[in-house]
Amino acid sequence: MSITEHDWQAEQQRVDRVVRKISQRIAALRQHAGKMKTDIVDIRKNFWEDVTVNLDDPGEAAETYASMKQQAEVLSERERSHRHVQNQITTYMRLKRSPYFGRIDFREDGEEKAERIYLGIASFFDEQNDQFLVYDWRAPISSLYYDYSPGPVEYETPAGKVRGEMERKRQYMIRDGRIQSMFDTGITIGDELLQEVLGKRSDTQMKSIVATIQKEQNRIIRNERSPILIVQGAAGSGKTSAALQRVAYLLYRYRETLRSENIVLFSPNPLFNSYVSTVLPELGEENMQQTTFQEYLEQQLGQTFQLEDPFTQMEYILTAVNEPGYSARMEGIRYKAALEFMQVMERYITFLGREGMIFRDLKFRDEAIISAERIKERFYSLDPSLPVSNRIKLTADWLHEELRKREVEERTKPWVDEEIELLDNEAYLRVYRKLQREKRFTEETFDDFNREREMLGAMIVRERFKRLRMDVKRLHFVDIPALYRQLFAEPEQILRVAPGARLPEHWEAICAQTAERLKRFELAYEDATPYLYLKQKIEGLNTHPSVRHVFIDEAQDYSPFQFAFIKQLFPHGRMTLLGDLNQAIYIHATDGFDPLLPLYGTEQTETIVLTRSYRSTRQIVEFTRQLIAGGKEIVPFNRKGSKPTLAQASDETELAAKVADRIRKLQSDGHQTIAVICKTARESLEAYDALKEHADLSLIGKETTSFETGTLVIPSYLAKGIEFDAVIIYNGSRAQYGRESERKLFYTACTRAMHELHIYFIGEMSPFISGVSPDTYEWEA
């Protein structure tokens, strides 16, 4: 059905009317916010005038505390309300610029007339006329827009299914209150709108996709039935975008019980956190907790060990092939990543319940006042049927009591008198005041001096014992590093702990490598999760019961051991796992998500597969899908562009010159984000040094937490999850990408490109390209 000039005018008039009402609402909210700000300033200014302060009398002190608490609560409530109003203003400002993006005319069964439903990033209710002028895209009825063509439709509500007829679906592009484009469509989301959105230049932030959500993405966003949702999606299929809209949907759907702090996102690197940080605020929601698994490990273990991160491990895997011990390290990484090794750790913990626990002496003034042997005797005297962690806590209680006894004994020791002599006047004054409060001090009292010495001695000993008490509280009397090292002390040890366990090749060398690192208080990335698992099983699991949803992006890069550990950390958390097995670049990655099913239960798990790629042009997808097995299943979105190019260079100098020329051309063509992707951090540094005199660019490393628009030089594994207007593969030669294990890394790098892909190489090109049809790329002179 064609749209007439009259339709266009009527639709623009409605936009004008909605914008006018939104402007009125914003003005009213600003006035309200101004009054609230004045109240907050007044409360802060007069805070102490409204509080009666009297600390001399215990009763008056309690009243003072209550008065302060009441004033603080009033201030806190005003500030919360002010923030809420400011957030509303921000959302309405976005709505004012683009009030809605879609419309459906829906006639419910039994009704004569269809209702016009307009969809936007947030709801807008006209109180004057008692109607919704805009429906939130997350409202139950809005799912019709994403899931159906005109015709019979139905949608779920908390009260049950609602059925009816969709008579029209219309899509809009509205910018600054003016309709730029409008069309009726019989498909889910018109290609015209997607073409407009996807054809834009990339920048440093991921954008909301609520106007272009596809049917299969909507299944991910609104899925409420599956405790474990696995999303296997091709590069550029919108996995991450859909996941972030899913967070926004969950916060809307369960707004009475779910808060952003109840949701955790594990992302691949800090750079990615920056990249996605604006999506939820765009939709009027606060960001959920964002972290990387490495950051969690650092928080738990960083004070004890120098931790290797996954990117350092990846550098080793890619660059150390010819170094001694390489094969053993590779076998060790695979073995320690498996659920099989987790079972070995479980059997080790059971073994420690019977024998083999290692404790530290509790030392005071260089003397072992409670020996490790005595602690061990106490531990093994406890009921062996109790879990190890419970017996450790009971041992800690016993140690606290033993320290209390020893503390009393120490008060009469000569060293205490020596310390008293060195005390300053302030310490004496504190004791004097305490004696006064106890009504124990008078000038005539015979034992004042003795009581003063007693109190000073108690104070000194208590202060000196504080670190010991803290060590016991933190369970530092258990020597966890020694316990983990014990497992690798000799190759046969593991068979004593877990008879019949399968051992990998090079086990003796793996044990030696592990023990050597631990001796230097270094922890390899593959050891960090098993070590932390052992630590928490002995000390007690550090769970997060308040987290209700856990999202793991780039899930194909996690090991089965890591998944099992994360599952234990969040016992009440529903899991959403997002990954692409074609981008599984770490050697501990599994061939699929099937090994995870025993962890979660097949009946609890649902898998959604996304095969259509939206990020890249058709020409780029037709090229990149030939780089990997099964690539034929990837469906390109029909957005035209230029074919990828290949160019050969004779040496490093010519390579740098050609790449610099390409960068200048891409910049002159208006591309805002250009990535020169290198295989490793080492190659990135070399490329940066070669190019920096010829082009304005930035070097991205594992410490980079954000980036600006422009030209970046970045290692392949740090580019995961991010997209760029144009990608230059710095050296796609056989020397750089020749091993079959590097195929997915090369594919991942190439699929970062939205509009242009250019591959340069020295000597012979990568064999991965040789299998690609010459019709899908062009040679550059």
Side-chain angles (χ1 to χ4, degrees), residues 195-205 235-236 615-624 627 636 639-679 683-700 707-716 718-719 722-733 736-737 746-763 765-766 769 772 774-781:
Q195 291 278 14
E196 194 269 347
V197 172
L198 297 173
K200 287 182 175 179
R201 305 293 184 195
S202 171
D203 64 16
T204 60
Q205 309 285 176
R615 173 187 297 139
S616 307
T617 61
R618 170 180 280 279
Q619 286 73 17
I620 292 174
V621 174
E622 286 176 344
F623 173 85
T624 57
L627 296 172
R639 180 166 64 86
K640 293 181 180 178
S642 56
K643 290 181 181 180
T645 69
L646 298 182
Q648 188 178 30
S650 57
D651 55 27
E652 296 284 351
T653 303
E654 187 183 6
L655 175 67
K658 286 192 170 188
V659 171
D661 284 344
R662 175 59 69 181
I663 290 171
R664 285 191 286 271
K665 186 175 186 310
L666 291 170
Q667 289 172 338
S668 68
D669 289 343
H671 291 301
Q672 295 180 37
T673 56
I674 302 165
V676 179
I677 299 183
C678 301
K679 180 180 171 183
E683 188 194 10
S684 296
L685 181 58
E686 292 168 358
Y688 176 76
D689 287 339
L691 294 169
K692 64 184 179 183
E693 300 299 324
H694 310 287
D696 183 19
L697 39 76
S698 302
L699 179 64
I700 301 297
F707 64 88
E708 304 298 327
T709 55
T711 304
L712 316 174
V713 182
I714 185 170
S716 54
L718 285 183
I722 305 174
E723 59 190 26
F724 306 93
D725 286 336
V727 164
I728 297 169
I729 303 298
Y730 189 70
N731 186 1
S733 66
Q736 285 293 81
Y737 298 96
F746 186 70
Y747 168 78
T748 300
C750 291
T751 54
R752 302 306 93 202
M754 291 177 64
H755 307 297
E756 294 193 42
L757 172 63
H758 305 281
I759 302 172
Y760 293 83
F761 61 92
I762 298 173
M765 69 180 176
S766 167
I769 305 173
V772 174
D775 295 337
T776 60
Y777 59 83
E778 293 179 349
W779 281 98
E780 180 188 294

Practice prompt. Please assess K665 against D661 for the test salt bridge (Lys or Arg N to Asp or Glu O under 4.0 Å), listing each intermediate value before the final yes or no.
Written response: CA-CA 6 Å; K665 186 175 186 310; D661 284 344; over 6 Å; no
Worksheet entry | Stepwise salt bridge (Lys or Arg N to Asp or Glu O under 4.0 Å) test for E780 and R662 | CA-CA 11 Å; E780 180 188 294; R662 175 59 69 181; 2.2 Å; yes
Fill in: Residues H755, R615; criterion side chain to side chain donor-acceptor pair (under 3.5 Å); working and verdict
CA-CA 9 Å; H755 307 297; R615 173 187 297 139; over 6 Å; no
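Between the S716 side chain and the K679 main chain, a donor and an acceptor come within less than 3.5 Å of each other. One N or O on the side chain of N731 and one on the backbone of I762 form a donor-acceptor pair closer than 3.5 Å. In terms of modelled atom types and a separation under 3.5 Å, the side chain of D669 and the main chain of H671 share no donor-acceptor contact. In this structure, E778 contributes its side chain and P644 its backbone to no donor-acceptor pair below 3.5 Å. Put simply, the side chain of R752 gets close to the backbone of T748: a donor and an acceptor are under 3.5 Å apart. When atom types are taken as modelled, the side chain of Q619 and the backbone of G641 share a donor-acceptor pair closer than 3.5 angstrom. The closest donor-acceptor contact from the side chain of K658 to the backbone of Q648 lies under 3.5 Å.
With contacts defined as side-chain heavy-atom distances shorter than 4.5 Å, the pair F724/I722 qualifies. You'll find the side chain of V676 stays beyond 4.5 Å of the side chain of L712, heavy atoms only.
In this structure D689 satisfies the salt bridge (charged side-chain N to carboxylate O under 4.0 Å, His left out) test together with K692, sequence neighbours excluded.
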